[in-house]
2 protein chains.
Amino acid sequence: MDSFIPVLKHTQLFRGLGEGEILALLKCLDAKLRSYGKGEYIFHKGQFVRDIMVLAEGKLHIQKDDYWGNSNIIQTIAPGEMFGEAYAAPNSGAMLNNVIAVEESTVIFLDAKGIFTTCSSACAFHSLVVQNLFFALSEKNRRLVQKLGHMSQRSTREKLMSYLSEESSRQNASTFVIPFNRQQLADFLSVDRSAMSNELRKMREDGLITYEKSRFTLIL
Amino acid sequence: MDSFIPVLKHTQLFRGLGEGEILALLKCLDAKLRSYGKGEYIFHKGQFVRDIMVLAEGKLHIQKDDYWGNSNIIQTIAPGEMFGEAYAAPNSGAMLNNVIAVEESTVIFLDAKGIFTTCSSACAFHSLVVQNLFFALSEKNRRLVQKLGHMSQRSTREKLMSYLSEESSRQNASTFVIPFNRQQLADFLSVDRSAMSNELRKMREDGLITYEKSRFTLIL
DNA sequence: CCTCTTTCGTTGTAAAAACAACATACTTGT
DNA sequence: ACAAGTATGTTGTTTTTACAACGAAAGAGG
C-alpha cells in the first residue's frame, strides 16, 4: 500500500496533503487494495457500493451494457483517478453501470462514511478532503455534460467531430492520441463500429482529418 | 427574499438547517434575487459563473443549442432545485450550456466562494452546507448518467422506452405525467420530433403504451 | 366568439445508420 | 516464426431517421 503513496499524492482527492497526512487518512478510511486482471469486473450494475475507489495502476472503463450486448462506455479511468464518488452519499441507490478493468489494474478502496464523519485521530484535513472530493465530482459532472454534448449530435460525423474537437482542445494539440480503439470509440459514442470506420474514411477523403490507429490530426 | 425562506428550507442545499441559520447564511453568501420572463436566458453558454443558483419559483431548462438550431435539453430545473454547482469550484471554466426560463421564474444567486471560505460570522453550519452540496452534486451526477443511458440507446423506440421506464419507476406508477411537451421530449432525447411522434404511434399500435398529451401509461 | 399562434400528428422522400459478411492487417503467446 | 485470435477496413442490403410540408386540434388573447 505504501508504495502507492507517491501516486496518491498527485490525485485530486489528496491534493494539498503531505505524505504523513495521507498515511493517516488511509488508516482512517480503512484503505484496502485489490488487483484485477484484464477484462475482470470491479463492479456489476446493481451492486451497492459505499466505498470511494482510486485507481492505483491500470485502466478501467465505466460502462453500461444492455441485454443485446451493446456497450456504452460512460467514462475511462486512468491511474490516480477516482470513481464511485457519486455513490458515496447515503441513499445513493445501486450502481447503474459496470466497472471493468481493460488492463491489469490495482484499485484502492476507501470507506466513504469515514470521510464525512470526523475521525478519532483528529484529522484536521478532513474538510480539505471533502472539498477536494467536491471539486473532483464537479469536474466529473462537467465531463458528463461534455459527453452528453457529443451524444446529442444527430449524425455519426457530428459526434466524431464533437469528440475529436474536444479531445484536441483538451490536449491542446491538433495531433493527439485518443484512449480508445475503434470498437471502444464506437461504444463511447454509441454508434456502429463499421459505420463509424466508414465515416472516418469519408471525413479523411473530405480533408477534415487524418489518422492512423488511435492518433488523429484535425486539419485546419 | 425572506418570503422564500420556506422554500429554501426544503432545498437540498439547506437541508437540516433552521430558518435563522438560513437567514444568516443568505447574508454570508450575499444572496441576490432576480426574476425572468418566459423564454428569457438566465445564462448564455460561454459565460463565467461563480455563483450557485437556486430556483425559487418557475421552471428552467439547461440546454445545449447548436449552430443549426437544434436544442438538447440536458436537464429541467424545478423550484427548490439548484443549478450551477458544477461551476462553483475554481478553474471550472466557462459554462457549457444555456439556461433558459420556460416559465416566469425567480432565481436566487449565492456567492460560491463564500461557501468554501469560513465566514466572519462564525457559521458553524458551513460544513453541513458543503456536505449537502456534495450530496446534491452526486445526485445530479447520477441523473446525468441515467440520461446518458437513454441517449446511448440506438433507436428512437429504445430511447423512449428507456426514458419512459425510468420515469415510471421514478414516479412509482405505470401512469404518469412527463414534464415535457413533444418538442421538448424530442430535444431531451435528441431525436426528430415528427419521427418521434410517429414512433410513439407505432408503439401504441404495438400495445406497448398509451398516452394522451403528456400523460403516459406503460402496458404490462 | 373569433383569430392568431402553438402544438401535435401524418405522410412521403432522401439521407444516414445498423447490420451482416468478409478480407486484411496487426497482436500475442508459444 | 507460426498459429490463433483480435482489430480494422470495406462493401452491399435493410432498416431507421431526418427533413419538409401540411392539416387538425388545442390554447391564448382580444
Side-chain angles (χ1 to χ4, degrees), chain A residues 37-39 59 61 66-73 100 102-104 150-163 177-206 208-216, chain B residues 37-39 59 61 66-73 100 102-104 150-163 177-206 208-216:
Chain A
K38 179 174 177 176
K59 182 173 173 182
H61 278 176
D66 70 20
Y67 185 80
W68 296 270
N70 289 316
S71 292
N72 177 257
I73 301 174
I100 299 176
V102 288
E103 320 174 340
E104 192 80 22
H150 306 142
M151 303 266 304
S152 69
Q153 302 300 317
R154 305 305 174 88
S155 70
T156 299
R157 177 176 292 210
E158 285 170 328
K159 288 189 178 111
L160 283 166
M161 283 310 274
S162 176
Y163 169 68
V177 175
I178 65 172
F180 297 124
N181 63 28
R182 290 288 178 277
Q183 182 62 59
Q184 290 168 341
L185 178 57
D187 286 347
F188 183 76
L189 298 176
S190 274
V191 295
D192 180 73
R193 180 194 59 79
S194 68
M196 186 189 75
S197 248
N198 206 344
E199 193 62 35
L200 281 172
R201 181 177 50 76
K202 287 187 203 156
M203 288 165 75
R204 178 163 56 192
E205 280 170 7
D206 291 352
L208 292 169
I209 59 172
T210 61
Y211 58 89
E212 204 218 319
K213 304 214 181 170
S214 294
R215 173 179 304 278
F216 287 78
Chain B
K38 180 175 175 176
K59 182 172 172 182
H61 278 177
D66 70 19
Y67 185 79
W68 297 269
N70 288 316
S71 292
N72 178 257
I73 300 176
I100 299 177
V102 288
E103 319 173 344
E104 193 78 22
H150 306 141
M151 303 266 305
S152 69
Q153 302 300 318
R154 305 303 172 90
S155 70
T156 299
R157 177 177 292 212
E158 285 170 327
K159 287 187 177 112
L160 283 166
M161 283 309 275
S162 176
Y163 170 69
V177 175
I178 65 172
F180 297 125
N181 64 28
R182 290 288 180 278
Q183 182 61 60
Q184 290 169 342
L185 178 57
D187 287 346
F188 183 76
L189 298 176
S190 273
V191 296
D192 181 72
R193 181 194 59 79
S194 67
M196 186 189 75
S197 248
N198 207 343
E199 194 61 36
L200 281 172
R201 181 175 52 75
K202 286 186 203 157
M203 288 165 76
R204 179 162 56 191
E205 280 169 6
D206 291 351
L208 292 169
I209 58 172
T210 62
Y211 57 89
E212 205 219 316
K213 305 213 180 172
S214 294
R215 172 180 304 279
F216 287 78

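The sequence lines fix the lettering, A, B, ..., with proteins before strands; numbering per chain opens at 1.
- By the side-chain hydrogen bond (donor to acceptor under 3.5 Å, both in side chains) test, E103(A) pairs with no residue at all, sequence neighbours left out.
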Filtered N/O pairs between nucleotides 6-10 of chain C and protein, under 3.5 Å:
from    : atom 1 : to      : atom 2 : distance (Å)
dC8(C)  : OP2    : R182(B) : N      : 2.8
dG9(C)  : OP2    : R182(B) : NE     : 2.8
dG9(C)  : OP2    : S197(B) : OG     : 3.0
dG9(C)  : N7     : R193(B) : NH1    : 3.1
dG9(C)  : O6     : R193(B) : NH2    : 3.1
dT10(C) : OP2    : R201(B) : NE     : 3.1

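- The line from CE of M196(B) to NZ of K159(B) is 11.5 Å long, rounded to the nearest 0.5 Å.
- The distance between atom CE of M196(A) and atom C1' of dT11(D), rounded to the nearest whole Å, is 17 Å.
- Remark: C1' of dA28(D) and CD of E103(B) are 16 Å apart, rounded to the nearest angstrom.
- Using cut-offs of 30° and 60° on the angle between ring planes, the pair H150(A) and Y163(A) is perpendicular.
- Contact detail for R154(A) and D192(B): the closest heavy-atom pair is NH1-N, 3.8 Å.
- If you measure from atom CZ of R157(B) to atom C1' of dA17(C), you get 17 Å, rounded to the nearest angstrom.
- The two atoms that bring I73(B) and F188(B) nearest to each other are O-CD1, 3.3 Å, heavy atoms only.
- Summarising the geometry, the separation between CD on E158(B) and C1' on dT17(D) is reported as 13 Å, rounded to the nearest angstrom.
- The separation between Q153(B) atom CD and dT17(D) atom P is 12 Å, rounded to whole Å.
- Here dT11(D) presents its C1' atom at 11 Å from NZ of K202(A), a figure rounded to the nearest Å.
- Between the CZ atom of R215(B) and the P atom of dA26(D) there is a distance of 16 Å, rounded to whole Å.
- One finds no side-chain N or O of S155(B) lying less than 4.0 angstrom from the OP1 or OP2 phosphate oxygen of dT16(D).
- In terms of heavy-atom proximity, S190(A) sits nearest to M151(A) at OG-CE, 3.9 Å.
- Put simply, CG on D192(A) is 13 Å from C1' on dT11(D), counting in whole angstrom units.
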